[in-house]
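Remarks on the structure that follows.
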Amino acid sequence: MTGPWLGVVADDVTGACDLAGGVAAAGVTTSVHLGVPGDDERAEDDCVVVALKTRTVAATDAVRESAAAAGWLRDRGAARIYQKYCSTFDSTDRGNIGPVADALAAEGRITLGTPATPAAGRTQYLGHLFVGDRLLSESPMRDHPLTPMRDSDLVAVLSRQTPSPVVLLPLPAVRAGAGALAREIEARAESGARHLLVDAIDDGDLDVLAAAADEVRVPLVLGGGAGVALALARRRSTGAAPSAQVLPAGGARLVLSGSASERTRQQVAAFPGPVLRLDPVALSRDGLDGLVARLRDVVTAAGEDPVLVSATAQPALVRAAQAALGVERAAELVESALGRLAVAGVRELGVRRLLVAGGETSGAVTSALGLRRLAVGTLAAPGVPWTTGRATAVPGSPEVALLLKSGNFGGPDLFRTAWETAP
Ligand code: ADP
């Protein structure tokens with residue numbers, strides 16, 4: 001049996017789903033494993049994604065887990081390894097994109113890629129990342145609770161995270177065509193470059209990059225946002241429709257929002273149903289029991305109508321909570337509360353469909369539910385597929401449908417419209 005065509009190491013679960021949803025929509029069979037799979041687990045699909053929660057952990061932990069995930073994929077014959085990070089390059093000067101890239105590019109490999117994902121409004125020009133019509137540093141990402149992005153120059157950002165040489169391949173090198181770009185990549189690798197960031201402002205640029213990657217004669221690890229992977233999938237596509245998703249229909253519905261992004265704030269504001277507010281300062285004082293009891297009442301009253309539990313707040317409120325509790329403690333309180341509410345919902349309240357907003361938040365919720373592997377299905381919005389998996393932390397391991405959404409993703413109405421595409 002041949003191994004996967006693409007083996008992806010993703011630094012968070014919503015990023016993994018973003019990539020997986022797009023690749024699956026191109027007709028390539030795709031699954032997402034949550035955490036480094038065990039030795040006895042098989043890689044069954046053409047594209048196999050290992051979703052880690054390494055975006056904001058200590059760099060040494062991120063490196064260890066990413067190397068283990070890549071090793072698992074290589075052992076199963078993955079033809080190519082892909083480092084998936086956020087299309088807004090979420091990281092700090094301590095990492096983790098650089099240290100992980102160094103680890104995956106061990107043994108003389110180079111990394112090649114870009115966060116550019118034009119369909120999501122992320123473009124890279126002269127090494128600078130744009131979010132829509134704004135520089136990254138002027139986008140709402142400058143106020144992210146864990147990875148505030150205040151420098152748009154990605155060569156500079158990445159160079160602070162790795163001792164290895166980082167080089168830009170500017171747009172004219174891409175527009176010269178795949179053959180010329182492949183020779184340029186080889187020349188840069190020859191002269192010592194280790195990490196190559198490539199400008200791309202439309203999907204055609206990413207198609208050139210994907211074609212060049214197939215031609216290059218130096219061993220490489222591809223990387224970036226979902227954009228590069230989607231370009232690879234377009235080359236791979238058989239034209240087959242993605243396999244239809246089955247199960248589970250029905251059951252109570254819960255939206256858990258732990259993202260503080262501007263887009264998620266709009267989605268929370270537009271949610272038409274009942275809302276339970278979750279505040280880390282109150283949580284640290286009062287504990288979670290009262291909230292579990294209120295969730296029980298609200299879900300019971302709502303029947304199958306969606307209920308929202310939200311920690312989402314204005315940046316000033318997030319900063320106040322962080323000042324009172326510390327950044328990590330505030331995040332930990334919110335994440336573990338949402339994880340425990342998800343478990344209570346599935347175990348006691350018949351919740352079978354969950355929409356989770358936030359990358360870190362989704363990692364906390366999937367891990368609390370004991371999900372190990374997600375089958376990837378229909379897109380509810382670009383970058384946001386419905387998935388299904390077994391909640392092994394709940395007695396009977398019920399099958400649940402999950403929509404795991406990165407903070408910035410989906411239209412303002414997603415919390416209402418997503419259900420229309422639900423299995
Ligand atoms: P996104 O996908 O938007 O980056 P994440 O879930 O990855 O969302 O990150 C948001 C982080 O902010 C989480 O760690 C979450 O626990 C934390 N957070 C959410 N709401 C609050 C709040 N009100 N106060 C402090 N931290 C918060």
Side-chain angles (χ1 to χ4, degrees), residues 10-19 51-57 62 84-92 96-97 115 117 120 122 131 136 139-149 225-226 255-268 275-285 288 291 308-342 354-368 381 383-384 402-410 412 414-415:
D11 68 354
D12 87 339
V13 66
T14 52
C17 289
D18 171 17
L19 182 150
L52 303 174
K53 192 172 182 298
T54 47
R55 188 167 290 172
T56 57
V57 302
K84 166 69 175 69
Y85 47 78
C86 188
S87 64
T88 42
F89 216 73
D90 299 14
S91 53
T92 68
N96 289 334
I97 296 174
T117 304
R122 276 44 154 182
V131 178
L136 173 68
S139 79
M141 280 306 297
R142 67 175 286 108
D143 290 321
H144 190 278
L146 303 176
T147 52
M149 300 303 292
V255 184
L256 299 167
S257 182
S259 159
S261 74
E262 182 175 75
R263 176 46 56 89
T264 302
R265 290 202 299 276
Q266 295 166 348
Q267 291 162 338
V268 167
V275 182
L276 292 188
R277 296 275 164 199
L278 196 154
D279 165 36
V281 177
L283 264 177
S284 75
R285 194 184 51 224
L288 191 63
L291 214 55
L308 167 63
V309 181
S310 171
T312 300
Q314 297 292 334
L317 268 177
V318 173
R319 278 194 297 272
Q322 291 176 332
L325 301 163
V327 174
E328 282 178 20
R329 174 93 182 115
E332 216 277 314
L333 277 165
V334 169
E335 292 176 27
S336 76
L338 290 173
R340 285 170 57 195
L341 291 170
L354 296 109
L355 191 168
V356 187
E360 296 291 328
T361 308
S362 294
V365 168
T366 50
S367 126
V384 194
L402 292 122
L403 190 120
L404 306 175
K405 175 200 101 74
S406 154
N408 301 313
F409 279 31
L414 184 75
F415 289 4

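Read the numbers this way: they start at 1 and go in the same order the structure lists the ligands and their atoms. Values below: all heavy atoms of this structure, side chains included; hydrogens, waters and symmetry mates excluded.
- Counting heavy atoms closer than 4.0 Å to ligand 1, residue Arg55 contributes nothing at all.
- Ligand 1 places these atoms under 4.0 Å from at least one heavy atom of Val334: 16 (O).
- Residue contacts with ligand 1: Lys405 is placed with no nitrogen or oxygen under 3.5 Å of a nitrogen or oxygen of the ligand (distance criterion only).
- Heavy-atom proximity to Gly359, at under 4.0 Å, picks out these atoms of ligand 1: 1 (P), 2 (O), 5 (P), 6 (O), 7 (O), 8 (O).
- Residue-level proximity to ligand 1 for Pro145 is carried by the side chain, the only part with a heavy atom below 4.0 angstrom.
- Contacts between Ala321 and ligand 1, counted as non-hydrogen atom pairs separated by less than 4.0 Å, involve the side chain only.
- Nearest heavy atoms, Leu325 versus Val281: CD1-N, 3.9 Å.
- Given atom 11 (C) of ligand 1, the protein heavy atom at minimum distance is Gly258 O, 3.9 Å.
- Residues Ser259 and Thr264 have side chains that bring a donor and an acceptor to within less than 3.5 angstrom of each other.
- Less than 4.0 angstrom separates some heavy atom of Gly407 from each of these atoms of ligand 1: 1 (P), 2 (O), 3 (O).
- Formation of a donor-acceptor pair under 3.5 Å by the Asn96 side chain with backbone atoms of Thr54 is found in this model.
- Nearest heavy atom pair, residue Ala313 against residue Arg265, reads O-CD, 3.5 Å.
- Distances below 4.0 Å separate heavy atoms of Ala311 from the following atoms of ligand 1: 20 (N), 21 (C), 22 (C), 23 (N).
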Derivation of the side-chain contact (heavy atoms from CB on, under 4.5 Å) call for Ser91 and Arg55: CA-CA 7 Å; Ser91 53; Arg55 188 167 290 172; over 6 Å; no
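- Using a 4.5 Å cut-off on side-chain heavy atoms (C-beta onward), Glu360 and Val334 make no contact.
- By the 3.5 Å distance cut-off applied to N or O atoms, His144 is counted among the residues near ligand 1.
- The part of Leu146 lying near ligand 1 is the side chain, judged by heavy-atom distances below 4.0 Å.
- Here the protein heavy atom with the shortest distance to atom 8 (O) of ligand 1 is Gly358 CA, 3.4 Å.
- With a 4.0 Å cut-off on non-hydrogen atoms, Pro280 touches ligand 1 through its side chain and not its backbone.
- Judged purely by distance below 3.5 Å, without hydrogens or angles, the side chains of Gln266 and Arg263 pair a donor atom with an acceptor atom.
- Considering backbone and side-chain N/O of Ala331, one or more are found under 3.5 Å from N/O of ligand 1.
- Lys405 and Phe415 make their closest contact through CE-CE1, 4.2 Å (heavy atoms, listed as atom of the first residue, atom of the second, distance).
- Near Thr361, the atoms of ligand 1 lying under 4.0 angstrom from a non-hydrogen atom of the residue are 6 (O).
- At least one heavy atom of Val318 sits closer than 4.0 Å to an atom of ligand 1.
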side-chain contact (heavy atoms from CB on, under 4.5 Å) assessment of Phe409 paired with Asp18: CA-CA 9 Å; Phe409 279 31; Asp18 171 17; 3.3 Å; yes
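- Residues Leu414 and Leu403 form a side-chain contact, since some pair of their non-hydrogen atoms from C-beta on lies under 4.5 Å apart.
- Side-chain contact check for Thr88 versus Arg122: some heavy-atom pair is nearer than 4.5 Å.
- When only non-hydrogen protein atoms are considered, atom 13 (C) of ligand 1 lies nearest to Glu335 OE2, 3.6 Å.
- A donor-acceptor pair is defined here as one N or O able to donate and one able to accept, closer than 3.5 Å; no such pair exists between the side chain of Asn408 and the backbone of Ser261.
- For Ser259, a nitrogen or oxygen atom sits less than 3.5 Å from a nitrogen or oxygen atom of ligand 1, counting backbone and side chain alike.
- Looking at Glu360 next to ligand 1, an N or O pair under 3.5 Å apart turns up.
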